[in-house]
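For reference, the structure is listed below as structure tokens.
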Amino acid sequence: MMMRPIQEPLINFNQVQVMGILNITPDSFSDGGQFSNFNQALKQVELMIESGADIIDIGGESTRPGAVDVSEKDEISRVIPLLKAIKSRFDVTVSIDTSKAGVMSEAIMHGADIINDVRALQNTGCLDVVAQSDVLVCLMHMQGMPRSMQENPHYKDIINDILSFFEQRIECCEQKGIVKERLILDPGFGFGKSLEHNYQILSCFAEFNQLNLPLLAGVSRKSMLGSLLNRDVGQRLAGSLTAAIVAVQQGASIIRVHDVPETVDAIKILKTVAQYKK
Ligand code: 9MG
């Protein structure tokens, strides 16, 4: 597997990074598959970069509750041509949202910088593929599987349960030679969590800093906002921005969002206020 030449760290975690979402699936939950056309997807990437996105996260399989499975072949044919086109046109960090070892391998070969895995490298072969590369990897917590994860989520103590899961996955990564410096953690809002669980996580987000790794928060347009506010998916901007800012204030380094310009503005306000703190 190709390694990158030694260079500056890929991501400056001292600054909050905005990760723009690009779902290229026919059934993604909040953009309704509107970027399933190749040229529209590239245009959307360009707009996100112009608006200040630091990272583009490309997903070829929907992870929404009840989503249908996609074959490895189909996922590769959705994701890889777009990855190649982005890498040849733009100087931007690209993350690939996948849980399949074959997709990870192809993505790494074609220049992916981050693997974003909602299954935290638990699927067969994933740890090995990532271990043979130098990409960063986001380990997300999920209880259950997308098809049924919202049926009856249950935790003894949600924060401690997620912390224990992270410790166990970090250990597995390190045993395979994936050093801690390559890891990002994400508690997985909406993935096998009730409304109450999601708000417990958001209110205690800072607890995850004890593992001394960068944290990613993905709250954008999620049902934890829609249910509380009684808003359809297209009306969740205020909720998304508020939740993102709450996560950033507690230490989130990467915010995964649909609405890049608005999130960049909100973070700029927060950063400016921080500069005036005595
Ligand atoms: C793919 N995907 C959907 N929601 C997500 C979230 O909250 N975090 C991460 N890492 N990926 C997500």
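Numbering of ligands and ligand atoms starts at 1, following listing order. Residue numbers run from 1 in the order of the sequence given.
Side-chain contact check for Gln175 and Glu171: at least one donor-acceptor pair (N or O, by modelled atom type) lies under 3.5 Å.
Note: Phe208 and Phe166 have perpendicular aromatic rings, judged against thresholds of 30 and 60 degrees for the angle between ring planes.
Scored by the salt bridge (charged side-chain N to carboxylate O under 4.0 Å, His left out) test, Asp117 finds no partners at all (sequence neighbours excluded).
Cluster annotation: Phe38 and Val103 are assigned to the same hydrophobic cluster (Ile/Leu/Val/Met/Phe/Trp/Tyr, side-chain heavy-atom contacts under 4.5 Å, transitive).
In this structure, ligand 1 sits under 4.0 Å from heavy atoms belonging to Thr63, Asp97, Asn116, Val118, Cys138, Met140, Asp186, Phe191, Leu216, Gly218, Lys222, Arg256.
The side chain to side chain contact (heavy atoms under 4.5 Å, CB included) test with Leu185 singles out one residue from Leu216, Asn212, Asn209, Ile170, and that residue is Ile170. Here the options are Leu211, Ile178, Leu121, Leu136, the test is side chain to side chain contact (heavy atoms under 4.5 Å, CB included), and the partner is Leu183; only Ile178 passes.
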